[in-house]
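A short write-up of the structure that comes next.
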Amino acid sequence: MTRIYFNDVVTRDGFQIEPNFIPTADKVRLIDEMSQCGFAKIEVTSFTSPKAIPMLRDAEEVMGKIQRFPGVEYTVLVPNLRGAERALESRADEFNLVMSTSETHNLANLRMTREKSFAGLAEVIQFVDGKTPINVSLSTSFGCPMEGDVPQTVVEEFAKRFADLGVRGITICDTTGMANPAQVSAMSESLQKLFPHLQLTMHFHNTRGMGLANVLAAVQSGITRFDGSLGGLGGCPYAPGASGNISSEDAIHMLDAMGYNTGIDIPKLLILARELPTIVGHTVPGQVAKAGRSCDLHPAPEYVADLR
Ligand code: COA
Ligand code: ZN
């Protein structure tokens, strides 16, 4: 059974765009409960400027209050040097650096050119100096909502430049759900050949209903690491029309039904997914929490017995 590693990003990618601030205590409780479900990694929060992302202004407090479960890595988003200083102080297990492969999206999201972002992140990597493993998330790798196509070679070039700086992993992000399964297979195969020593993660959004199809394409091409978001919350505040990440529980349920080893306690995860609407105050897109697992059977109506 192939082992699949899931990183849940709901408290970062999901909560950063919620219209209402999620109380710190709710974030901490949710993370502690997710830790007990078997996630390999949890993206806890983001050390961005609290003015840019006010919903995650409690990053230090959340990192200070969560329990650290053995076997779970607690990663945080780090946009710049100031973020890295804060993340080091919070003893995060991994720093997730982020930039876009599209010039326009990078200007919109991070307010600088890609080259300036790369130089800034290179400085962060130098500053961290191997003290904490680094992952780099490359946004809009399957297309930009403003520019359109992002050539695979551009994504590969940025991945190579970061690999040369010694990062541990690269996450290929479909920030606005533009990827299709054929594109995902091509990208997955090529990246694994080019970077056999990197941890490669796929980060999909279900904006156009292609999320699970893309997970399937990636996993069948040999990818074993995925980002997902409890309930399918999430989205980029700087991407027009962006919507939720793939729902962790839907993707995990699919892979588990196919015989992959996700390491996740699915009934426990579904309990959390069912609590999420109360935490955020609205319904969430995930489907398995509503329908139950495909192996959860219903009693047949009584008249069926008479018809046998
Ligand atoms: N943590 C805390 N404060 C920060 C910070 C950080 N990581 N980075 C910048 N700041 C503060 C500065 O201290 C400064 O504060 P001041 O106005 O009180 O002096 C202010 O933010 C502006 O700083 P500046 O260096 O000009 O940064 P910026 O405004 O160009 O912001 C980013 C750059 C990347 C930090 C900011 O645009 C950002 O966080 N964007 C959100 C990116 C994101 O997370 N997107 C969603 C995920 S893909
Ligand atoms: Zn995302």
Side-chain angles (χ1 to χ4, degrees), residues 1-11 13-14 29-43 69-73 174 177 179-181 184-185 188 201-234 243-280 282-308:
M1 269 201 309
T2 308
R3 177 75 162 89
I4 305 292
Y5 302 89
F6 262 86
N7 170 30
D8 195 286
V9 301
V10 68
T11 53
D13 210 346
R29 196 168 40 82
L30 182 61
I31 291 161
D32 286 348
E33 283 172 357
M34 284 196 301
S35 288
Q36 297 173 63
C37 289
F39 283 104
K41 207 190 272 191
I42 295 174
E43 188 166 58
F69 285 74
V72 185
E73 276 196 296
D174 184 24
N180 67 66
V184 169
S185 298
S188 301
T201 303
M202 290 288 159
H203 175 113
F204 295 122
H205 282 250
N206 198 36
T207 321
R208 294 177 177 80
M210 292 189 276
L212 287 194
N214 288 332
V215 171
L216 185 62
V219 87
Q220 289 180 340
S221 305
I223 297 290
T224 58
R225 294 174 192 277
F226 293 93
D227 285 357
S229 170
L230 189 70
L233 288 183
S243 76
N245 289 67
I246 56 158
S247 141
S248 288
E249 66 276 16
D250 289 2
I252 288 163
H253 170 268
M254 175 183 82
L255 293 172
D256 176 78
M258 292 175 71
Y260 289 97
N261 172 14
T262 64
I264 302 276
D265 181 336
I266 297 178
K268 206 172 204 157
L269 181 61
L270 291 178
I271 292 172
L272 293 187
R274 288 175 184 134
E275 284 170 8
L276 192 58
T278 312
I279 298 173
V280 295
H282 57 79
T283 58
V284 301
Q287 289 179 275
V288 176
K290 293 167 193 145
R293 292 176 302 170
S294 54
C295 60
D296 295 336
L297 303 183
H298 301 269
E302 270 174 28
Y303 60 79
V304 168
D306 301 334
L307 296 170
R308 282 193 201 277

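FYI, the numbering just counts along the sequence from 1.
The CG atom of L272 lies 8.0 Å from the CD1 atom of I279; values are rounded to the nearest 0.5 Å. Here the OG atom belonging to S221 is positioned 9.0 Å from the CG atom belonging to L216, to the nearest 0.5 angstrom. Distance CG/D174 to CG/N180: 9.5 Å, rounded to 0.5 Å.
A donor-acceptor pair is defined here as one N or O able to donate and one able to accept, closer than 3.5 Å; such a pair exists between the side chain of N7 and the backbone of E43. Checked by atom type and distance alone, the side chain of D250 pairs as donor or acceptor with a backbone atom of Q287 at under 3.5 Å. In this structure, the side chain of N245 does not engage the main chain of S229 through any donor-acceptor pair within 3.5 Å.
Nearest approach of P277 to A273, heavy atoms of both residues: CD-O, 3.4 Å. Scanning all heavy atoms of the two residues, the minimum distance from G231 to S247 falls at C-CB, 4.0 Å. Among all heavy-atom pairs drawn from F39 and V72, the shortest one is O-CG2, 3.7 Å. Considering all non-hydrogen atoms of both residues, G228 and F6 come closest at N-CD2, 4.5 Å. For the pair I246 and L212, the tightest heavy-atom approach, listed with the atom from each and the gap, is CG2-N, 4.3 Å. Between F204 and G211, the shortest heavy-atom contact is CD1-O, 4.3 Å.
The list of salt bridge (Lys or Arg N to Asp or Glu O under 4.0 Å) pairs with a residue in residues 213-231, not counting sequence neighbours, is empty. Listed by first then second residue, pairs satisfying salt bridge (Lys or Arg N to Asp or Glu O under 4.0 Å) with a partner in residues 293-308 read R293-D296, not counting sequence neighbours. Residue pairs satisfying the side-chain hydrogen bond (donor to acceptor under 3.5 Å, both in side chains) criterion with at least one member in residues 253-275, sequence neighbours excluded, are listed as follows: H253-S294.
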Going through the distances and angles, do L230 and V284 end up as a side-chain contact (heavy atoms from CB on, under 4.5 Å)? CA-CA 9 Å; L230 189 70; V284 301; over 6 Å; no

Going through the checks in order, is the side-chain contact (heavy atoms from CB on, under 4.5 Å) test met by T201 and Y5? CA-CA 9 Å; T201 303; Y5 302 89; over 6 Å; no

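By the 4.5 Å heavy-atom criterion applied to side chains, I252 and I4 are not counted as neighbours. Within the 4.5 Å cutoff, side-chain heavy atoms of H203 are placed close to those of D13. M258 has its side chain out of reach of T2: every pair of non-hydrogen atoms, C-beta onward, lies at least 4.5 Å apart. With a 4.5 Å cut-off on side-chain heavy atoms, Q36 and F69 count as touching.
Under the side chain to side chain donor-acceptor pair (under 3.5 Å) criterion, S35 pairs with Y74, not counting sequence neighbours. Residues passing the side chain to side chain donor-acceptor pair (under 3.5 Å) test with S248, sequence neighbours excluded: D8. Under the side-chain contact (heavy atoms from CB on, under 4.5 Å) criterion, P301 pairs with Y303, V304, sequence neighbours left out. Taking the side-chain contact (heavy atoms from CB on, under 4.5 Å) definition, one finds that A217 meets it with P181, V184, S185, sequence neighbours left out. With sequence neighbours excluded, no residue satisfies salt bridge (Lys or Arg N to Asp or Glu O under 4.0 Å) with E249.
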